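Reading through the C-alpha cells given below for one structure.
Just so we're on the same page: letters track the sequence lines, and every chain starts at 1. These figures come from a predicted structure and were not determined experimentally.
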Amino acid sequence: MAGLPQLTRGICARLANSENEDSEELFNSQPTLQLLSFKKVPPTGGGNNVDRYRVIVSDGEHFLQSMLATQLNHLVEEDAIGKGAVAVIEKFTCNIVQGKRLLIILALRVLVKTTEKMGSPGPVQGRPEGGASTPAAETPGPSTSTNITPAPPAAAAAQAPRQQTQANRNGRAAAIYPIESLSPYQNHWTIKARAMNKSDIRTWVNQRGEGKLFSVTLMDDSGEIRATAFNAAVDLFYDKIQEGKVYLISKAKVNLAKKKFSNVNNEYELTFERNTEVEECLDVTDVPTVKFNFVPISGLQDVSKDATCDIIGVVKEVGELSTITSKATSKVIPKRELTVVDRSNYAVRVTLWGKQAEQFEATDQPVIAFKGVKVGDFQGRSLSMMSSSSMHMNPDIPEAHALRGWFDAAGSDQTFQAHTSTFTGGGGITFDRAEVRNLNEVKTAEFGMSDKPEYFCAQATIMHIKNDTISYPACPSQGCNKKVVELGDSWRCEKCDKSYPKPQHRYMVSMAVSDYSGQAWFSGFNDVGETIFGMPADELVDIRERDDSQFNQVVERAIGTTYNFACRAKQDSYNEATRVRYAINRIMPLNYREETKYLANILTHSDWAR
DNA sequence: CCCCCCCC
C-alpha cells in the first residue's frame, strides 16, 4: 500500500460506539478515511428539497455509514470525490438515526484518488467496552470544551475552561458548524448565522406561570433554525441580536421543534440560555439573507389551510387601514388587506395586522415577497401574516425583477383569477379532469336532480351571453355584495343599513356554453364576468351607458372562448316550474401547455399508441 | 417555559 496515506484505524468503531464518549477530542479529530461508496438519496419531503449523498467510509478495519452535508454535494457532482478517494475528514458531527450513530461529514480534504480498497473493512460489531480508551486519533484537531456531558476524565478536566480562547490562540477561525448539522446529540458547535425575523418581546400568563420571550430565525447556507429566549435571556439577547446581522452563536440548547407551531424548516429549535454565547460577526460572506420557496398564487389551492408558504407578487391594490375586534380576546386589532397578483394570473388577498398594517406604505404597486404567510380558506384562499412571517418589499432577487418586468409590460392590464369559495362546503371548487362530464351527460344523467347540489367539471366554449342584464348594483362595502337600491341620489344597502353615493356593480352573467356533445346554460358571478370580459363590472356598465355598440363589442369578444369550468348543479323552482340550474364555481382560462400535456399523455397511454 | 396570530 505504498504511496497511499494512512487511514485512522479504529476511528469507525469509536464513532459507532461514541454515545458514552462525548469527548471533544474525538469530535475535533480529523480522521483520514477512505470513501468506499456513494449513493444519492432523494429528498424525504421533510427537509429542503435537495438530494443528499450517503457515503460509506472506511478506516481500513471497519466501515461506517455517513452522510455528506449538502453543501458538499458539489464535490460529488464535480467528481472531486468519488469511490475510493482517501480524505481527511476535517469537520464532522454525529447524529443518532434509528439508534445508530450516523457520521455527518461537514468538511473534507481529498488526499488521493484511488480505486484500490484499503484493508478489508467489516461492519462494526458489538460495543467494545472502554471505547474511550482506544488510542486517540492520529490527527487530533484543536479542542473546544463541552458544557454538559462529562467526557472521559482525561479529556474533560484539561479542556473544560478553554472554551472561547482556543480558536483565537491557534489563530484559526472557530469551527463553524452548518445549521443543518445541529442536533441534541452533539453540543460542541458554533454556528454562524444571520438573524432574521426577530419578534417583539411577548409576555404570557397561564396556569404554569408567566414570563416573556422573543424569538428569531437563524439562517446560514445550510438551513435555518428558530431560536427563542425566555425571561432573563430576553434581557441578555434582545438588544444584542439585530435583524439582518450575522452572529457566531454557541452553547444554546438544542431541542426538538414542535412542528405544528413552526414554519421553520428544521427538526430542532434553539433555546438561548444564560450561558449562550452570541457574538456579532462582521465577516458575513456566504451567509444568505432570506430563503424563499415560492408558490405561484394559482397553486395556493393545493396548499392546505393553516399551512404557511412563501409568495411573491405585485401589490395590485392596497386596502384602507381598518380594524377588527378579536372574538377571543375582544381586542381591537388594526388590519389592512393587500391584493397581490403574479404571473399565474391569480390574485390573492394578504392581510397585514397591527403595526405592520398601520405603517404599511406602498407607492407604485411594489413587488413584495412574503415568507411564511398563513394560508386561509376565506373566499377560497387567503393569506395572513403571522408573527413569524416576513414581508420583503422589492427584494433584489431574480423572481422580483421578472415580476416587475412582466407587470409593467403586460400584467397591469390583465384580469386576475381569484380563488373562489365553495358555496356549500362540498367539492367542486377546482377544475378536476377526473370530474369532467360532457354537457349532454350533465343534462341527461340527472345531475342536480336530488335535493343536494352536485358538482361537475366541464370544458366548454361560450356560445352566447345573455346581455340584457349582466350585472347588478351591489353594496360597495367589502364582502357585502348585496344588491343596493337607488334612493334619491344615493344607494341604500339593507344589509349594512347604510347609504352610499355610488354602488359597485357586480357581474351576474348567464351564458350558453357548448362542447362536442351539447349545450347548457351556465350562470356565474363577479369573478366569472371579470374573467370573460376582462374588466370590472363598473367599467362595463360605464361603457354601456356611454356607447352601446362598444358594449356589444365587448360582449361579442367574449364569445367563442373555451374555458375549464367547475360547476354546481342544483334544482331550482321558478314560476312553479322546477329545473336544474348550473352555477359556475370556477372558471379557468385554458392553459394550453397543460392541455397539451394531458392530451399527449392520453395518446401515449391509449391503445392507439401501440 | 410560548404556541396567540384575530375579522369578513
Side-chain angles (χ1 to χ4, degrees), chain A residues 197-217 225-238 252-264 266 268-274 276 305-309 317 319-339 348-358 360 370-391 418-423 474-482 493 495-496 498 504 506 526:
Chain A
N197 233 333
K198 189 176 92 164
S199 73
D200 292 333
I201 295 173
R202 203 175 76 236
T203 56
W204 80 88
V205 182
N206 61 25
Q207 308 95 302
R208 287 184 293 276
E210 57 179 271
K212 60 180 174 179
L213 70 109
F214 83 95
S215 52
V216 65
T217 303
I225 193 164
R226 192 77 179 153
T228 306
F230 292 97
N231 303 319
V234 173
D235 302 329
L236 282 173
F237 299 115
Y238 187 75
K253 198 171 164 206
V254 185
N255 300 311
L256 258 187
K258 292 184 188 90
K259 278 300 196 184
K260 70 169 170 162
F261 299 129
S262 168
N263 56 338
V264 170
N266 202 310
Y268 305 113
E269 58 192 20
L270 296 179
T271 305
F272 287 157
E273 306 195 295
R274 244 177 275 268
T276 295
K305 176 170 146 61
D306 296 333
T308 58
C309 66
E317 280 164 46
E320 295 292 310
L321 180 66
S322 65
T323 61
I324 59 119
T325 306
S326 164
K327 277 180 183 157
T329 62
S330 48
K331 267 192 201 158
V332 175
I333 298 144
K335 81 158 191 186
R336 190 191 296 272
E337 317 275 12
L338 309 181
T339 305
V348 72
R349 210 184 71 175
V350 184
T351 309
L352 312 186
W353 303 101
K355 254 188 236 164
Q356 200 158 37
E358 293 173 337
F360 184 86
F370 295 91
K371 187 171 169 56
V373 281
K374 188 168 133 171
V375 177
D377 62 357
F378 183 68
Q379 287 176 355
R381 279 288 177 271
S382 59
L383 297 172
S384 174
M385 293 285 285
M386 307 199 291
S387 63
S388 55
S389 314
S390 58
M391 204 173 73
H419 292 279
T420 49
S421 52
T422 144
F423 296 98
C475 175
S477 85
Q478 187 168 25
C480 175
N481 302 346
K482 243 333 192 224
C493 175
K495 190 177 163 204
C496 299
K498 257 176 147 174
Q504 183 178 52
R506 293 180 64 83
N526 202 45

Is the side chain of A:Arg336 donor-acceptor paired with the backbone N or O of A:Gly319 at a distance under 3.5 Å, no angle test?
yes
Once rounded to the nearest 0.5 Å, what's the spacing between atom CD1 of A:Ile201 and atom OG of A:Ser215?
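Between atom CD1 of A:Ile201 and atom OG of A:Ser215 there are 11.0 Å.
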Rounded distance [0.5 Å steps], NZ in A:Lys482 versus OG in A:Ser477:
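The OG atom of A:Ser477 is 12.0 Å from NZ of A:Lys482, to the nearest 0.5 Å.
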Contact summary for A:Val234 and A:Lys212, nearest pair of heavy atoms
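Smallest interatomic distance, heavy atoms only, reads CG2-O, 3.7 Å.
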Which part of the nucleic acid, if any, lies within contact of [X], taking any heavy atom under 4.0 Å across all strands shown: a base, the sugar-phosphate backbone alone, or nothing?
| X | answer |
| --- | --- |
| A:Asn231 | base |
| A:Arg226 | nothing |
| A:Ser384 | sugar-phosphate |
| A:Lys331 | nothing |
| A:Glu269 | base |
| A:Lys258 | sugar-phosphate |

Do the ring planes of A:Phe230 and A:Trp204 sit parallel (below 30°), tilted (30 to 60°) or perpendicular (above 60°)?
perpendicular
Between A:Met385 and A:Ser382, name the one whose nearest nucleotide on DNA chain B is closer to the 5' end.
A:Met385
Nucleotide range of DNA chain B contacted by chain A, 5' to 3', under 4.0 Å to a heavy atom?
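With heavy atoms of chain A under 4.0 Å away, the range is B:dC1 to B:dC8.
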A:Phe272 and A:Thr228, any side-chain heavy atoms less than 4.5 Å apart
no
